[in-house]
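Take a look at the structure below.
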Amino acid sequence: MPGVKRIRVKLMSRYNARVVEPKWQEAWDSAEVFKATRDETREKYYVLEMFPYPSGRIHMGHVRNYTMGDVVARYKSAKGFNVLHPMGWDAFGMPAENAAMEKKVHPGDWTYQNIADMRAQLKPMGLSIDWTREFATCDPEYYGQQQAMFIDMMGKDLVYRKNAVVNWDPVDMTVLANEQVEGGRGWRSGALVERKELTQWFFKISEFSEDLLDALDGLTEWPEKVRIMQKNWIGKSQGLQFNFKTLGAPKGFEELEVYTTRSDTLFGASFTAISCDHPLAKALESDPKIAAFNAECRQVGATEEALETAEKKGYDTGIKVAHPFEAGCELPLYIANFVLMGYGTGAIFGCPAHDQRDLDFARKYDLVITPVVCDEAQDPDTFSIGSEAYLGDGRIINSRFLDGLSIEDAKLEVNKRIEAMGLGEAKTNYRLRDWGVSRQRYWGCPIPVVHCEACGVVPEKKENLPIELPKDVSFERPGNPLDRHDEWRNCDCPSCGKPAQRETDTMDTFVDSSWYYARFTNARADTPTVAEDVAYWMNVDQYIGGVEHAILHLLYSRFFARAMNLTGHLPKEAIEPFNALFTQGMVCHETYKDPDGKWLTPDEVKPVSGGYETADARPVTIGPSIKMSKSKKNVVDPDDIIDQYGADTARWFVMSDSPPERDVEWTAAGADAAWKHLQRVWRLADEISQSTEVDKADAKQVKDLQKATHRAIDDVTSGIEGFAFNKSVAGLYQFTNTLAKSNADKATKIEAMKVMAQMMQPMTPHLAEEIWAVMGGTGLVAQAPWPKVDPAMLKDDTVTLPIQINGKRRDEIEVSADISKEELEKLVMANQTVERALDGSAPKKLIIVPGRIVNVVI
RNA sequence: GCCCGAGUGGCGGAAUGGUAGACGCGGUAGAUUCAAAAUCUACUGUCGAGAGACGUGCCGGUUCGAGUCCGGCCUCGGGUACCA
């Protein structure tokens with residue numbers, strides 16, 4: 001009965017992700033398909049996505065990030081590599097302490113619960129992760145090894161203490177993160193934030209400035225933009241460091257040491273300026289006006305952004321400095337809020353004509369503006385500076401013995417003379433500062449040192465590690481609970497055994513994430529790393545994560561790998577830990593507000609004609625599409641998508657459309673389209689397997705489908721290799737269309753569908769397994785080799801060439817692919833459109849790009 | 001402020017300096033259906049009746065030919081050293 005058959009086909013063609021996905025996940029688990037085992041006979045491939053902070057819920061950004069890594073991992077595995085693809089948790093940090101304060105839960109309990117929740121959300125995605133290597137950075141087994149390395153680094157003189165400023169909330173009596181300072185005030189107390197000096201721990205990253213800079217050139221598989229950002233961050237500059245003689249300065253400040261990269265402009269100097277944190281500025285604070293000005297400067301936030309965007313202000317100290325080359329020329333000395341103590345010497349000379357900031361300052365305080373570099377196209381006698389400083393190239397003017405020289409020659413001449421006068425020397429400077437790792441917080445890795453009255457600061461004995469965080473702490477009061485936990489604090493000195501006190505600072509969480517990649521190579525070892533494992537698995541072959549980590553996390557990791565090498569925890573070959581880096585974009589969504597201006601989540605609004613309205617039919621304002629965030633409520637929980645459509649649909653959607661490096665827009669329509677396509681592929685597979693048609697082998701149809709199959713292999717492969725997953729997806733759509741329309745015989749279609757399953761496997765692994773099984777594939781498609789492309793199948797016999805006339809497309813001709821240039825020329829000249837355009841005359845020029853285009857210039 | 005990106009149809013986006021808009025969404029028409037959903041087929045940058053003209057954020061340049069290269073802007077996003 002036809003009706004019966006019809007119903008049966010319909011039932012068969014339903015693809016039920018809810019049943020199919022767990023089934024294949026169990027199959028992979030029981031076959032331990034993703035367990036990575038060291039095997040020196042096989043070539044390894046290490047794929048790593050930046051591990052997540054356990055906020056409690058995964059979001060679409062995670063889904064996208066981990067799907068990308070999974071596609072690479074599964075693809076490389078199919079290519080025959082021994083793949084390592086681990087997962088862990090960046091588990092220390094501020095949010096756990098905030099939760100402790102708000103919800104009265106212990107930061108550890110909160111964090112481990114979040115990890116459990118997120119793991120439960122990630123597992124259904126079917127990621128090819130070796131979960132046996134999972135760890136959290138807040139596990140004592142992990143941070144204890146980090147403490148051991150800290151001690152080793154102390155032994156190699158890579159760690160030291162010095163004073164540095166923090167944001168201090170005078171009401172809450174606590175240190176604030178930059179993020180917790182809003183408009184110069186503490187986010188909770190609302191008090192004006194002060195800058196306070198504390199003795200803090202530092203890593204000597206700046207000693208590696210030159211190496212970290214040089215080695216960037218070798219990171220050829222990193223995005224150019226990231227290398228440029230790091231280069232600028234390190235900020236190497238060639239300059240001159242020299243002394244001005246001061247007039248009227250307090251005792252001990254007879255000289256003022258400045259650093260400049262523009263020594264050629266010394267004759268254009270009209271003032272000098274120091275930071276409010278400069279020792280001289282502090283020495284002058286006995287003058288209440290200066291003390292007040294310095295205090296005002298220190299009110300400006302500690303961030304570079306706050307300093308640079310603040311209005312430029314100065315205070316004339318009345319002190320003068322003598323120009324080294326111009327007898328009798330005296331320059332005023334200002335304290336200025338835009339001079340940074342952390343860079344150079346904390347003192348500068350200002351040349352307003354050739355520096356915009358100095359010019360603004362000079363205009364404000366009515367200082368002399370003498371141009372000393374003249375644009376070659378201008379007359380030196382009339383060259384003057386308006387509202388913009390002249391930053392271009394040119395000849396030196398108004399500078400006595402430098403007149404007529406180029407900028408470069410003038411710099412050399414000034415440097416030579418200053419050195420000869422014994423006033424200073426040419427010096428290379430770096431913008432990169434040492435890495436302050438002290439945090440006055442509980443939820444971090446304790447710094448494993450002890451303060452002893454007799455012995456000073458001593459490292460803990462390694463056998464006492466890990467120094468674990470005490471469990472019994474309270475967050476009733478602001479500040480660091482470790483400071484007031486006497487039982488934990490009091491200890492015996494590891495050196496003399498007398499009563500002493502533990503350091504209560506914990507480490508910056510960037511330390512935790514600076515070596516986790518190495519720990520994954522042997523996550524349970526009782527040393528930080530194991531030589532054989534790091535030798536085999538390092539480096540990370542492909543690292544994937546957000547571009548927001550382009551500088552800090554990646555630079556710190558590069559430094560830490562060097563430090564680990566010096567302390568014997570990583571081989572020399574691994575000092576650049578990430579061979580290839582890919583930075584992905586964010587996931588965005590529209591924002592919605594009700595008439596009261598309250599943010600609404602996407603499922604609180606329902607579509608009506610021309611827009612959206614609330615559940616109680618009030619109009620909804622649609623805002624811009626921005627990065628998904630809890631505060632704007634524009635979040636789509638991946639759980640819902642996975643529940644509704646299955647993991648494959650979520651994976652397929654985040655891989656399609658947008659190029660991975662760009663931000664992606666989540667739309668419900670797009671998810672639905674992804675689901676429809678997967679259903680369609682499944683139906684197609686089902687139809688093919690059930691078709692009973694007798695083979696009517698039309699040779700051309702067979703050949704066409706085979707060619708399309710190889711074209712698809714080529715497209716999908718180059719898409720994955722080039723991190724253009726959206727193009728791989730487009731190739732698979734195209735291939736599906738071709739296959740659906742094909743009249744080739746069943747055997748050819750089955751072959752094509754098996755290749756389809758192999759190619760879809762990295763993106764939609766569950767559906768791929770199901771299709772593979774239905775098509776009679778052997779074993780798991782997750783373990784099947786990647787299909788090989790036959791280059792002969794990619795060639796076409798004929799090619800369509802566009803004909804341009806004066807660069808504009810006017811016609812096209814179909815010619816054989818291996819046509820000679822002469823023959824083609826003849827065909828072009830005989831073309832009607834060309835003949836009409838030429839109207840009897842000869843073309844000026846005929847440009848033929850073989851296989852591409854013909855351009856007739858008239 | 002400074003450093004680094006990005007801007008292409010109604011929408012997401014393709015395009016080794018060589019046919020701008022692949023592929024998908026949406027839309028229109030048709031097939032199927034008692035009807036709908038689902039599915040399938042065709043069309044779909046804008047203007048224009050048409051020939052054709054215009055078109056890749058803006059202004060200028062290089063080139064036989066520019067989304068692509070160069071110079072100058074605008075807007076949006078990321079980072080800015082204690083968010084991770």
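Values reported hereafter were calculated over all heavy atoms of this structure, with side chains retained and with hydrogens, waters and symmetry mates removed. Lettering follows sequence order; numbering is per chain, from 1.
Residue side chain A:Glu548 does not reach the base of B:C83 through any donor-acceptor N/O pair under 3.5 Å, judged by distance alone. Taking only distance into account, the side chain of A:Arg852 meets the base of B:U16 through a donor-acceptor pair shorter than 3.5 Å.
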Contact state string [nucleotides 67-74 of chain B, B base, S sugar-phosphate only, - no protein heavy atom under 4.0 Å]: --------
Contact pattern, 5' to 3', of nucleotides 1-6 of chain B - B, S or - by protein heavy atom under 4.0 Å: B-SSS-
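Using cut-offs of 30° and 60° on the angle between ring planes, the pair A:Phe338 and A:Phe361 is perpendicular. Ring orientation note: the planes of A:Tyr143 and A:Phe92 are tilted relative to one another, at an angle of 30° to 60°.
The backbone N or O of A:Glu311 lies less than 3.5 Å from a partner atom in the side chain of A:Asn337, making a donor-acceptor pair. Proximity of a side-chain donor or acceptor of A:Arg185 to a complementary backbone N or O of A:Val193 within less than 3.5 Å is not detected.
Heavy-atom minimum distance, A:Asp512 versus A:Cys445: OD1-CB, 4.2 Å. Closest heavy-atom contact between A:Gly346 and A:Val339: O-CG1, 3.4 Å. Taking all atoms of both residues into account, the shortest heavy-atom contact from A:Val300 to A:Ala310 is CG1-CB, 4.1 Å. Of all the heavy atoms in A:Ala674 and A:Tyr733, the pair that sits closest is CA-OH, 4.5 Å.
For A:Gln804, the side-chain atoms get nearest to B:A20 when compared with the rest of B:A81, B:C40, B:A20. Picking from B:A42, B:G18, B:G24 the nucleotide with the shortest atom distance to the side chain of A:Asn737 gives B:G24. Taking every side-chain heavy atom of A:Ala177 into account, B:C82 is the closest of B:A20, B:C82, B:C23. When distances are taken from the side chain of A:Thr303 to each of B:A81, B:C23, B:G13, the shortest belongs to B:A81. Set against B:A81, B:A22, B:C64, the side chain of A:Asn855 has B:C64 as its closest nucleotide. Among the nucleotides B:C64, B:A84, B:C40, the one closest to the side chain of A:Lys845 is B:C64. Distances from the side chain of A:Asp657 to the nucleotides B:U80, B:C82, B:G12 place B:G12 closest.
The ring-ring contact (aromatic ring centres under 6.0 Å, His included) check on A:Phe723 picks up A:Phe582, A:Phe725, with sequence neighbours excluded. Applying the side-chain contact (heavy atoms from CB on, under 4.5 Å) criterion to A:Asn806, with sequence neighbours excluded, gives A:Val857, A:Ile858.
Side-chain N/O atoms of A:Thr509 include one lying less than 4.0 angstrom from OP1 or OP2 on B:A84. OP1 and OP2 of B:C82 both lie 4.0 Å or more from every side-chain N or O belonging to A:Arg433. Residue A:Lys808 places at least one side-chain N or O closer than 4.0 Å to OP1 or OP2 of B:C54. Proximity of A:Ser656 to the phosphate of B:G24: no side-chain N or O atom is located under 4.0 Å from OP1 or OP2. The shortest distance between the side-chain N/O atoms of A:Lys727 and the OP1/OP2 oxygens of B:A15 is below 4.0 Å.
Residue contacts for A:Lys676: at a heavy-atom cut-off of 4.0 Å it reaches the sugar-phosphate backbone alone, with no base atom in range. If you check every strand for non-hydrogen atoms under 4.0 Å, A:Gln200 touches a base. A:Leu732 comes within contact range of no nucleotide atom at all, as no heavy-atom separation falls under 4.0 Å. Contact annotation for A:Val857: backbone-only contact, meaning every heavy-atom pair under 4.0 Å involves sugar-phosphate atoms and none involves a base. Residue-level contact check: A:Pro52 touches neither bases nor backbone, having no heavy atom under 4.0 Å from any strand.
Between B:A49 and B:U62, the distance separating the two P atoms is 37 Å to the nearest Å. Rounded to the nearest Å, the gap between the P atom of B:C58 and that of B:G9 is 10 Å. Comparing B:G17 with B:A66, their P atoms sit 14 Å apart, to the nearest whole Å. Atom name C1', nucleotides B:G65 and B:C83: the rounded distance is 49 Å, in whole Å. Taking the P atoms as reference points, B:U46 lies 16 Å from B:G55, given to the whole Å.
Rounding to whole angstrom units, CD1 of residue A:Ile847 and C1' of B:C64 are separated by 3 Å. Taking atom OH of residue A:Tyr556 and atom P of nucleotide B:A84, one finds them 12 Å apart after rounding to whole Å. Nucleotide B:U80 holds its P atom 21 Å from the NZ atom of A:Lys231, rounded to whole Å.
Counting only residues at least two apart or in different chains, side-chain hydrogen bond (donor to acceptor under 3.5 Å, both in side chains) contacts with residues 841-853 of chain A are absent.
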Secondary-structure notation, RNA chain B, from Watson-Crick and G-U pairs under 3.5 angstrom (| other strand): (((((((..(((.....[....)))((((((.......))))))(((....)))..(((((..]....))))))))))))....
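When each of A:Val799, A:Thr833, A:Val834, A:Leu824 is tested with A:Ile813 by the rule side-chain contact (heavy atoms from CB on, under 4.5 Å), just one qualifies, namely A:Leu824.
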A:Phe653 and A:Val63: CA distance, side-chain angles, deciding distance, side chain to side chain contact (heavy atoms under 4.5 Å, CB included) verdict: CA-CA 10 Å; A:Phe653 173 68; A:Val63 173; over 6 Å; no
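Residue-environment remark: CD (A:Gln832) stays at or below the threshold of 12 foreign heavy atoms within 6.0 Å.
For B:G17, the glycosidic angle deviates from 0 by more than 90°, giving an anti base.
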